[in-house]
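Here's the structure we're looking at; comments come further down.
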Amino acid sequence: MKHVKSRAKAAITAFQPGFFLHLAPEVIAELGFPLSSFHLTIAATAWVSPFEFGFLDKPSTPLSITDNIVNGIFAIDIILTFFVAYLDKNTYLLVDDQWLIARRYACSWMVLDAISIIPSEIGRKIFPKVFRNYGSFNMLRLWRLRRVGALFARLEKDKRYSYFWVRCSKLVCVTLFAVHCAGCFFYLLADHYTDPKNTWIGAVTDNFHDQSIWIHYMTSLYWSITTLTTVGYGDLHAVNTREKIFEIFYMLFNLGLNAYLLGNMTNLVVCGTSKTREYRDTIEAASSFAQRNQLPGRLQEQMLSHLKLKFRTDLEGLHQQETVDSLPKAIRSSISNFLFYSLVDKVYLFRGVSDDLLFQLVSEMKAEYFPPKEDVILQNEAPTDFYILATGAVDFLVLKNGVEQVVGEAKAGDLCGEIGALCYRPQLFTVRTKRLSQLLRLNRTTFLNIIQANVEDGTIIMNNLLQHLKQLKDPIMEGVLIETENMLARGRLDLPLTLCFAAVRGDDLLLHHLLKRGLDPNESDNNGRTPLHIAASQGNEKCVLLLLDFGANANSRDSEGSIPIWEAMVGKHKAVVKLLSDNGATLTAGDVGLFCCTAAEKCDSDLLEEIVRHGGDVTRPKTNGCTALHVAVTEGNIQIVRFLLDQGAHIYKQDEDGWTPRDLAEQQGHHEITQLFDSYITTQLPPRPPPHPHHHEEPRRVRFLGKFKSEPSLNLSAFPASSGPRRRRSNSSSFYNSPAEMGEKKSSISPRVDNVARSSYVYTARVTVSCPERGDVAGKVVLLPPSFQQVVAIGRERYGFVAAKILNKDGALIEDIELIRDGDHLVFASHE
């Protein structure tokens, strides 16, 4: 609104009436300026016009100047009215069409508004003699007073102002205006009468024309107010016939005005005490009812406490639920979400459920206040609702041998009555407030309807409930837990349960019941895990057999590439592995590379052998190019390294960052593994790119990684984790070395290739290639090819153009392959 006000004032200052086409009258009424001064001009008109009509025969300098200023303000108002949108009463749409606005105004009040702004000096010259009287013409301006009613109507609806004082102000203004007008008219009758002594004022004052005009005005007001209040003293009274006729009509008018004033004042006073009267009547009725039916004293106290709380909340504005219920559903949901979402999110029953379910539940909760010592739930009553304690505290009571015993207490954030509502049994406890408490009530039927549309969340809620019952370690709760589990197994609960829930619990009876009800045996959770994955990981043969009998896919993959047979192998459940294998499960249906890396990370050689026995290739990489040999070298497990080498794992297999197992062994200082690699080096040489068909080069000199001090040090990037997303590396610290650690090991890193290997193998340098012109600044590490033409070919393949020149990172031109050293950064550039 502040922004609208500033724009409106700027539009008025710059005279841009088009701005008001986008404003409703209610918005314009909030602008403050110039409408506040505009209303002051209306008040001035209400006083000046009758005064000039009754007491002045010709223009008076101060009043005439004021009249013309007010006329100018109203002239501006007439112009702006052509640009103010209006509300169509038939369609309740805001009309901002300028032609329709102009037509509506021209056909309604424009003529009278235009007449009311004509200056009195001009009006006396152009109008007939009847209207040439100075005061008579000014009375036409009282037409402007119609704006006063609209002003008070807006103020009565404005929450910033007290309704009581606005109404009182309106009554005072009406009274003062009636008294002012009657006094002016009554003096006019005496002033224009032929015999001044035969008038109401001439009868008591000789030569009253010689007195001051303000004395006449005060005398007229005195007569008017005493007559209006019907307490006239008789000292001023009508003398001639015209005065008597005027006084007759004035008294008749006073009858209606007094009735209006008294009625309004009575209504204002009665409204202030009506709530108290209703409260007393309600208390008396409740007390009579309790005595007539001989209710126990504690129950009478509860009745009266609840009625008192209701009355107090009405006075203090705490009846929030009644206020919220009167709003549209979308607004109610937003309010409930703002007030109670953080509270409900911490309740144990809803731990782990989706945000969508929480939002739906919060939207259906009803906030209620309970006074101290009031029963919220009674023991053994039907479970129709359960509650979340928002504020305050309650006691849990049990009736034993006719005596109530406190067995527990709940505070803010705790649940009441949820066990009875969800386990389909009468309420276990009486819940009684200890002090003034606010509780969120949730109907069980509504809750179950929401859960039916959120099956996975329903499973989480039931699992949370069962876990809570186990943690209580209470004999009563243990019995409830056993009974609930039996009902689950027999399928006698209405909560929607999934096969994954039954598989997690290892409950083959519940699983069989759900499968017989037609649930899909291949259903999966958010991670793609099926009930067969869960049952296999737990080694539950009965559940696995049930799922397979009902058509579960033995080779289903989850989002990480895991399959049921692999879950059983990791858990060492050989019987389940055999059962799955006999039913068509194959290890190759999953991500074998992931399985091998996981086994290597666990340093589990038996698991690797199991993979080989089931046809798995332990040399296969993961999606990031990492193999089991990479992981085994990182873990420093020479036994698994030797096993993998015997199975054909390649020493020079690169991952996506260009690291080979041999690089890792040298970088981490695993001397035994490096020596083991040296024994395999004659049979595993790194692949060399084929030579160009028309280019022959002499073999390049041997380059050893990090040997020459003149070469820049290698920028060793961190090797990616080799384990699956759900597993952690057991010893990752052995791989990631700080620069200081690498400096300490530098002296120990030396060529570990024997003379035979050196004579038969040329080490290939690694370089970084990039092209800033194509948006690649960081670049990628590649093996340096044997010829300069093949370096150019790399640029053509990666960036789609033939580089005109190749620069190093400092911008120097490189013209020969022999100038490129290990670790250099090559930049492909065009002619520009």
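By the 4.0 Å N-to-carboxylate-O rule, Asp606 lies too far from Arg613 to be salt-bridged with it. Checked for salt-bridge contact, Lys470 and Glu478 miss the test: no charged N lies under 4.0 Å from a carboxylate O.
Between Leu499 and Asp520, the shortest heavy-atom contact is CD1-O, 3.1 Å. Contact detail for Ile534 and Cys500: the closest heavy-atom pair is CD1-CB, 3.9 Å. Closest approach of Ile611 and Trp566 over heavy atoms only: CD1-CZ3, 3.8 Å. The two atoms that bring Ala600 and Ala632 nearest to each other are CB-N, 4.2 Å, heavy atoms only. Shortest non-hydrogen contact noted between Leu546 and Leu515 is O-CD1, 4.0 Å. Among all heavy-atom pairs drawn from Gln438 and Ala367, the shortest one is NE2-CB, 3.6 Å.
Side-chain contact between Lys434 and Glu409 is present, with at least one heavy-atom pair separated by less than 4.5 Å. A 4.5 Å side-chain heavy-atom check between Val633 and Gln668 finds every atom pair outside the cut-off. Residues Leu645 and Leu629 form a side-chain contact, since some pair of their non-hydrogen atoms from C-beta on lies under 4.5 Å apart. Within the 4.5 Å cutoff, the side chain of Thr627 has no heavy atoms near those of the Val631 side chain. Contact annotation: the side chain of Val641 approaches that of Phe677 to within less than 4.5 Å [non-hydrogen atoms, C-beta and beyond]. Counting heavy atoms from C-beta outward, Leu469 and Ile419 have side chains that approach closer than 4.5 Å. Counting only heavy atoms from C-beta outward, the side chains of Ile563 and Ser556 never approach each other to under 4.5 Å. Between Met462 and Leu465, some side-chain heavy-atom pair lies under the 4.5 Å cut-off.
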*Going through the distances and angles, do Lys572 and Asp604 end up as a salt bridge (Lys or Arg N to Asp or Glu O under 4.0 Å)?*
CA-CA 11 Å; Lys572 308 295 183 181; Asp604 193 338; 2.8 Å; yes

*Tyr369/Leu436 under side chain to side chain contact (heavy atoms under 4.5 Å, CB included): CA gap, chis, key distance, verdict*: CA-CA 7 Å; Tyr369 280 94; Leu436 178 64; 4.3 Å; yes

*Check step by step if side chain to side chain contact (heavy atoms under 4.5 Å, CB included) holds for Ile461 and Val353.*
CA-CA 7 Å; Ile461 289 174; Val353 301; 3.8 Å; yes

_Trace of the side chain to side chain contact (heavy atoms under 4.5 Å, CB included) decision for Leu397 with Val407_ = CA-CA 6 Å; Leu397 300 99; Val407 296; over 6 Å; no

_Please determine whether side chain to side chain donor-acceptor pair (under 3.5 Å) holds for the pair Asn522 and Asn553, giving the CA-CA distance in whole Å, both sets of side-chain angles, and the decisive distance to 0.1 Å._
CA-CA 7 Å; Asn522 293 310; Asn553 182 10; 5.5 Å; no

*Check step by step if salt bridge (Lys or Arg N to Asp or Glu O under 4.0 Å) holds for Arg432 and Asp375.*
CA-CA 4 Å; Arg432 183 174 300 161; Asp375 292 339; 2.6 Å; yes

_Verdict with reasoning, Ser336 to Ser363, per side chain to side chain donor-acceptor pair (under 3.5 Å)_ = CA-CA 6 Å; Ser336 300; Ser363 301; 6.0 Å; no

*Carefully, step by step, assess Phe550 and His512 under the rule side chain to side chain contact (heavy atoms under 4.5 Å, CB included).*
CA-CA 9 Å; Phe550 277 85; His512 186 234; 3.9 Å; yes

_Quick one, Asp582 with Lys578, criterion salt bridge (Lys or Arg N to Asp or Glu O under 4.0 Å). Give me CA distance, side-chain angles, the key distance, then yes/no._
CA-CA 6 Å; Asp582 293 342; Lys578 185 178 184 304; 3.0 Å; yes

*Check step by step if side chain to side chain donor-acceptor pair (under 3.5 Å) holds for Thr430 and Glu404.*
CA-CA 9 Å; Thr430 293; Glu404 290 184 339; 5.1 Å; no

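At a cut-off of 3.5 Å, with distance as the only test, no side-chain donor of Asp558 or Asn527 sits close to an acceptor on the other residue. No side-chain donor-acceptor contact under 3.5 Å links Asp356 and Ser354. Thr660 and Asp663 share a donor-acceptor pair across their side chains, judged by distance under 3.5 Å alone. For the residue pair Glu523 / Thr530, no side-chain donor-acceptor distance below 3.5 Å is found, with atom types taken as modelled. Between Tyr348 and Glu418, the side chains place a donor N or O and an acceptor N or O closer than 3.5 Å (distance only, hydrogens not considered).
Side chain of Asn464 to backbone of Leu349: a donor-acceptor contact under 3.5 angstrom is found. Between the side chain of His533 and the main chain of Ser562, a donor-acceptor pair closer than 3.5 Å is present. Side chain of Ser524 to main chain of Arg529: no donor-acceptor pair is present (N/O by atom type, distance under 3.5 Å, no hydrogens or angles). Looking only at distances, a side-chain donor or acceptor of His630 sits under 3.5 Å from a matching main-chain atom of Trp659. With hydrogens and angles disregarded, no donor-acceptor distance shorter than 3.5 Å links the side chain of Ser437 to the backbone of Thr433. A donor-acceptor pair under 3.5 Å is absent between the side-chain atoms of Thr598 and the main chain of Cys596, judged by distance alone. Remark: side-chain polar atoms of Asn401 are not paired, donor with acceptor, to backbone N or O of Val403 under 3.5 angstrom. The backbone N or O of Glu610 sits less than 3.5 Å from a side-chain atom of His614, completing a donor-acceptor pair. In this structure a side-chain-to-backbone donor-acceptor pair under 3.5 Å is missing from Asn337 to Ser333. Looking only at distances, no side-chain donor or acceptor of Asp507 sits under 3.5 Å from a matching main-chain atom of Ala503.
Distance check: Tyr387 OH to Leu442 CG gives 10.5 Å after rounding to the nearest 0.5 Å. Atom-to-atom distance recorded for Leu664:CG and Ile651:CD1 is 12.5 Å, nearest 0.5 angstrom. The distance from the CZ atom of Phe396 to the CD1 atom of Ile377 is 8.0 Å, given to the nearest 0.5 Å. With rounding to the nearest 0.5 angstrom, the CG atom of Leu440 is 8.5 Å from the CG atom of Leu389. Between atom CD of residue Glu364 and atom CD1 of residue Ile450 there is a gap of 5.0 Å, rounded to the nearest 0.5 Å. Taken from CZ in Arg662 to CD1 in Ile673, the straight-line distance is 12.0 Å, to the nearest 0.5 Å.
For Lys346, the NZ atom counts as loosely surrounded, since its 6.0 Å shell holds 12 or fewer non-hydrogen atoms of other residues, nucleotides or ligands. In this structure, Glu672 places its CD atom where only 12 or fewer heavy-atom neighbours from other residues, nucleotides or ligands lie under 6.0 Å away. Atom CD of Gln639 has 12 or fewer heavy atoms from other residues, nucleotides or ligands within 6.0 Å.
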